[in-house]
> 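Please find one structure pasted underneath; my questions will follow.
Since we're looking at a predicted model, the values are computed, not measured.
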Amino acid sequence: FTDLHPLASAWALFDAGQYANGLAASLPLVGEAKQLGFRPLEAETLFLVGTCQRLTNDFVVAEASLEGATLAAEAGRDDVIAAKSWAALVTLVGYQERRLDEGERLLSRASAAAERLARVDEVELAYVRALGNLRTAQGRYEESLDAFERGLGLARKLYGPESPLTANLLSTSGRAIEELGRVEEALVRYQKANATLERSVGPWHPDLSAGWEDVGVALALLGRHDEAAAALEHGAKIARRSLGEESFPLASIEGELGNEYRALGRTQLAGASFVRAIAITEKILGPDHSDVARHLANYSILRRTEGKIDEAIALRRRALAIEEKAVGPEHPRLANMLLNLGNVLYEKGDDERALAHQRRALAIYEKALGSVHHNVALALMNISASLRAQGKFEEALAAAMRAWKIDQQALRPEHPELTLTRIELGHALAGIGRYREALAHLERALDLREADATAGPQDLAEPRFAI
């Protein structure tokens with residue numbers, strides 16, 4: 001890049017995914033731009049600096065740089081950089097830092113800036129990406145998908161189907177689709193996005209670390225745990241090579257790897273991954289960030305399977321407190337935390353508290369995700385188990401039957417999660433003496449588990465014991 005103008009050279013480093021080098025190249029240019037007194041150049045330089053700082057995890061400094069970019073742009077009447085800087089602040093503050101109220105306030109500024117340039121497609125693209133990111137953080141997935149689809153159309157129009165930006169929007173729209181329960185559809189988008197990125201920027205671009213994480217998470221949701229672990233390990237390798245040992249993308253992948261190692265029975269590797277994920281995230285984002293809560297909750301599942309119930313409860317209570325503070329009382333991620341804590345309380349025999357948490361989770365899921373979603377069924381299954389423990393068998397059966405009907409619509413017939421629904425329905429039917437129907441569901445569940453190459457001894461023991 002040595003033959004380019006210094007600012008163009010810095011942008012080229014950024015486009016190549018060399019964010020630290022791009023930052024090093026652009027930082028000196030801020031002072032030079034200020035000395036020249038040319039505010040549009042100062043604005044563009046600060047915008048690049050802030051974007052590189054955001055992508056190298058220096059969020060506090062990035063926020064100051066991007067705010068400086070908006071001021072310089074407005075002073076220099078560079079409406080395009082002003083609008084892009086406001087949009088970048090929405091993503092940083094609202095999505096990455098999960099400061100949702102401030103993100104919404106910044107979104108109104110970004111919207112006004114985009115409206116001022118209503119016919120400039122690149123500004124509209126920056127705005128709808130920021131809108132989609134914020135709505136994702138808020139758990140408003142239908143709205144985030146709508147924004148990302150608009151952005152995808154604009155990216156294809158401006159840069160073509162093979163551009164990295166088009167690939168990025170394929171991935172982000174896929175995440176919204178995944179949250180809405182359409183996992184196989186999301187996986188197709190992730191795989192297409194990764195293939196596009198590899199063709200356009202090469203196999204080691206840092207964006208591909210997130211791309212392989214997306215693939216891994218989707219495969220895990222489909223019960224393909226060996227493939228999921230392999231995809232996540234590849235994503236972690238890219239993150240380490242391109243971003244170092246303490247990046248936000250690596251922390252996220254480590255957390256997901258912990259889940260997959262746990263599912264595969266590789267508990268030592270799982271524990272090490274969770275500990276690394278928590279440590280990196282706390283260092284970058286602080287101890288009260290929503291992503292810390294997510295890693296704590298997942299780590300608690302491992303401790304629970306190891307029989308350390310009290311430690312699992314303590315981890316989940318901390319996670320719940322962080323999450324409610326971070327995202328508010330009606331976010332689907334809070335429902336995940338409530339359900340997880342309820343499950344451990346149920347195992348400890350605290351059925352009343354378990355049921356209260358599970359019912360609150362159900363209400364949040366129904367409001368945020370609609371009535372036909374696997375998470376709604378999952379909450380209902382756990383409610384059924386708690387009701388059975390209290391001897392309320394008719395109520396338990398009603399919850400289990402509703403879960404079964406939902407999952408028949410939400411999941412494919414061979415999906416592993418449908419086996420769990422069958423097992424709970426079998427328990428509930430047996431509770432009121434309908435043994436033949438119970439046995440039919442339990443035997444089918446056992447057949448499915450025996451046909452699943454990833455099923456371990458504990459997976460097989462559950463339906464066998466119930467039968």
> Could you tell me the separation between the NE2 atom of His357 and the CG atom of Leu341, rounded to the nearest 0.5 Å?
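CG of Leu341 is found 4.5 Å from NE2 of His357.
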> Quick one: does Tyr190's side chain have a donor or acceptor within less than 3.5 Å of a partner on Gly174's backbone?
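Yes; at least one donor-acceptor contact below 3.5 Å.
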> Search all heavy atoms of Ala399 against all heavy atoms of Ile383 and return the closest pair with its distance.
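Shortest heavy-atom separation between Ala399 and Ile383 comes out as CB-CG2, 4.3 Å.
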> Report yes if the side chains of Leu269 and Leu264 come closer than 4.5 Å at any heavy-atom pair, otherwise no.
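Side chain of Leu269 against side chain of Leu264, heavy atoms only: no contact under 4.5 Å found.
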> Taking the six-membered ring of Tyr95 as reference, does the NZ or CZ atom of Arg98 fall below 6.0 Å from its centre and within a 45° cone about the axis?
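The answer is yes; both the distance and angle limits are met.
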> Using a strict threshold of under 4.0 Å (side-chain N to carboxylate O), is an ion pair present between Arg182 and Glu185?
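Salt bridge: yes.
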> State, to 0.1 Å, how close Leu302 and Thr305 come at their nearest heavy-atom pair, and which atoms those are.
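Minimum heavy-atom contact is O-OG1, 2.6 Å.
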> Could you pull out the closest heavy-atom pair between Pro332 and Gly139, with the gap in Å?
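Distance-wise, the nearest heavy atoms are CD-CA, 4.0 Å.
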> Using the rule given for salt bridge (charged side-chain N to carboxylate O under 4.0 Å, His left out), can you reason through Glu124 versus Arg150, listing the C-alpha separation, both sets of side-chain angles and the distance that settles it, and then say yes or no?
CA-CA 9 Å; Glu124 177 67 11; Arg150 285 163 57 197; 2.8 Å; yes
> Any non-hydrogen side-chain atom of Leu338 less than 4.5 Å from a side-chain atom of Gln358?
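Result no, sub-4.5 Å side-chain heavy-atom pair not found.
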> State whether Arg388 and Glu424 are salt-bridged, where the test is any N-O pair (Lys NZ or Arg NE/NH1/NH2 against Asp/Glu carboxylate O) under 4.0 Å.
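A salt bridge links Arg388 with Glu424.
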> What's the shortest heavy-atom distance between Glu233 and Arg266, and which atoms?
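The pair with the smallest heavy-atom distance is OE2-NH2, 4.0 Å.
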> Is a side-chain N or O of His427 found less than 3.5 angstrom from the main chain of Ser384, in a donor-acceptor match?
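Flag not set: sc His427 to bb Ser384 has no pair under 3.5 Å.
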> Answer with yes or no whether the side chains of Glu311 and Tyr299 bring together a donor and an acceptor at under 3.5 Å.
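The criterion, which ignores hydrogens and geometry beyond distance, is not satisfied for Glu311 and Tyr299.
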> When Ser300 is tested against each of Lys308, Arg316, His295 for side chain to side chain donor-acceptor pair (under 3.5 Å), which residue passes?
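When side chain to side chain donor-acceptor pair (under 3.5 Å) is applied between Ser300 and each of Lys308, Arg316, His295, only Arg316 qualifies.
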> Would you say the side-chain atoms of Ser111 pair up with the backbone N or O of Leu107, donor to acceptor, closer than 3.5 Å?
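Absent.
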> A side-chain contact here means heavy atoms from C-beta on lying under 4.5 Å apart; do Ile406 and His374 qualify?
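No. Closest side-chain heavy atoms not under 4.5 Å.
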> Run Gln390 and Glu395 through side chain to side chain donor-acceptor pair (under 3.5 Å) and show every step you take.
CA-CA 10 Å; Gln390 296 177 28; Glu395 292 179 60; over 6 Å; no
> A side-chain contact here means heavy atoms from C-beta on lying under 4.5 Å apart; do Leu145 and Ser173 qualify?
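Yes, their side chains come closer than 4.5 Å.
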> Check for a donor-acceptor pair, side chain of Thr56 on one end and backbone N or O of Cys52 on the other, with a separation under 3.5 Å.
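Yes; at least one donor-acceptor contact below 3.5 Å.
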> His331 side chain to Ala137 main-chain N or O, any donor-acceptor pair under 3.5 Å?
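A pair under 3.5 Å: yes.
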> Any salt bridge linking Arg189 with Glu149? Criterion: basic side-chain nitrogen under 4.0 Å from a carboxylate oxygen.
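Glu149 and Arg189: salt-bridged.
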> Where do Pro249 and Leu243 come nearest, in terms of heavy atoms and distance?
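Answer, listing the atom of Pro249 first, then Leu243: CG-CD1, 3.6 Å.
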> For the atom pair CG (Leu219) and CZ (Arg224), what is the distance rounded to the nearest 0.5 Å?
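Answer for the CG-CZ pair, Leu219 versus Arg224, is 5.0 Å.
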> Can you spot which of Arg333, Arg318, Arg360 makes a salt bridge (Lys or Arg N to Asp or Glu O under 4.0 Å) with Glu324?
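Of the listed options, the one satisfying the test is Arg360.
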> Using residues 153-164 as the side-chain source, report each donor-acceptor pair under 3.5 Å to any protein atom, sequence neighbours left out, with the distance given to one decimal.
| unit_1 | atom_1 | unit_2 | atom_2 | d |
| --- | --- | --- | --- | --- |
| Lys157 | NZ | Asp121 | OD2 | 2.8 |
| Glu162 | OE1 | Arg199 | NE | 2.8 |
| Glu162 | OE1 | Arg199 | NH2 | 3.1 |
| Glu162 | OE2 | Arg199 | NH2 | 2.9 |
| Ser163 | OG | Thr166 | N | 3.0 |
| Ser163 | OG | Thr166 | OG1 | 2.8 |

> Identify the heavy atoms of Pro206 and Ile238 that sit nearest to each other, and give their distance.
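Residues Pro206 and Ile238, closest heavy atoms: CA-CG2, 4.4 Å.
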> Using 30° and 60° as the class boundaries, would you call the ring planes of His234 and Trp204 parallel, tilted or perpendicular?
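Tilted, since the angle between the ring planes falls between 30° and 60°.
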> Are the side chains of Ile253 and Trp212 in touch, meaning some heavy atoms are under 4.5 Å apart?
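Ile253 vs Trp212: side chains apart.
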> At what distance, to the nearest 0.5 angstrom, does CG of Asn133 lie from CZ of Arg135?
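Rounded to the nearest 0.5 Å, the CG-CZ separation comes to 11.5 Å.
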> Passes side-chain contact (heavy atoms from CB on, under 4.5 Å), Tyr365 versus Leu378? Steps please.
CA-CA 10 Å; Tyr365 282 143; Leu378 193 61; 5.6 Å; no
> Closer than 3.5 angstrom, by distance alone: can the side chain of Ser273 be matched with the main-chain N or O of Ala270 as a donor-acceptor pair?
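No, the answer is negative, given that no donor and acceptor are paired below the 3.5 Å cut-off.
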> Between atom CG of Asp447 and atom CG of Leu442, what is the distance when rounded to the nearest 0.5 Å?
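Separation between the atoms: 11.0 Å.
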> Salt-bridge test for Glu63 and Arg99: reply yes if a basic N is under 4.0 Å from a carboxylate O, no otherwise.
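Salt bridge present between Glu63 and Arg99.
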> Give a yes-or-no answer on whether the side chains of Gln96 and Thr91 include a donor-acceptor pair shorter than 3.5 Å.
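Side chains of Gln96 and Thr91: no pair found under 3.5 Å.
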> Thr421 and Asp407: side-chain donor and acceptor closer than 3.5 Å?
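Their side chains do contain a donor-acceptor pair, which is all the 3.5 Å distance test asks for.
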> State the CE-CG distance between Met381 and Leu339, to the nearest 0.5 angstrom.
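So the gap between those two atoms works out to 9.0 Å.
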> Between Glu366 and Ser371, does any side-chain donor sit less than 3.5 Å from a side-chain acceptor?
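No, Ser371 and Glu366 have no side-chain donor paired with an acceptor closer than 3.5 Å.
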> According to side-chain contact (heavy atoms from CB on, under 4.5 Å), who are the partners of Gln409, at least two apart in sequence or on a separate chain?
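Gln409: side-chain contact (heavy atoms from CB on, under 4.5 Å) contacts with Val372.
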> Measure the shortest side-chain to side-chain distance between Leu165 and Arg129 over non-hydrogen atoms and say whether it is less than 4.5 angstrom.
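Yes, side chains in contact.
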> Report the relative orientation of the aromatic rings in Phe59 and Phe248; use parallel for angles under 30°, tilted for 30 to 60°, perpendicular for over 60°.
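Geometry flag for Phe248 against Phe59: perpendicular rings.
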> Classify the side-chain pair Arg262/Thr267 by whether it contains a donor and acceptor separated by less than 3.5 Å.
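Absent: no donor and acceptor within the cut-off.
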> For the atom pair CG (Leu369) and CG (Asn375), what is the distance rounded to the nearest 0.5 Å?
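With rounding to 0.5 Å, CG (Leu369) is 6.0 Å from CG (Asn375).
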> Pair Arg175, Glu178 - check salt bridge (charged side-chain N to carboxylate O under 4.0 Å, His left out), show working.
CA-CA 5 Å; Arg175 289 171 205 151; Glu178 181 185 295; over 6 Å; no
> Looking only at side-chain N and O atoms, does Asp146 offer a donor or acceptor that is under 3.5 Å from a partner on Tyr141?
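Side-chain D/A pair, Tyr141 to Asp146: absent.
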> Partners of Glu462 by side-chain contact (heavy atoms from CB on, under 4.5 Å), sequence neighbours excluded?
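Listed in chain order: Leu420, Ile423, Arg449.
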> Closer than 4.0 angstrom, basic N to acidic O: yes or no for Arg109 and Glu115?
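Salt bridge flag = no for Glu115 with Arg109.
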> Any side-chain heavy-atom pair from Leu448 and Arg422 closer than 4.5 angstrom?
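Side chain of Leu448 against side chain of Arg422, heavy atoms only: contact under 4.5 Å found.
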> Does any part of the side chain of Arg240, heavy atoms only, come nearer than 4.5 Å to the side chain of Leu250, both counted from C-beta?
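A side-chain contact under 4.5 Å exists here.
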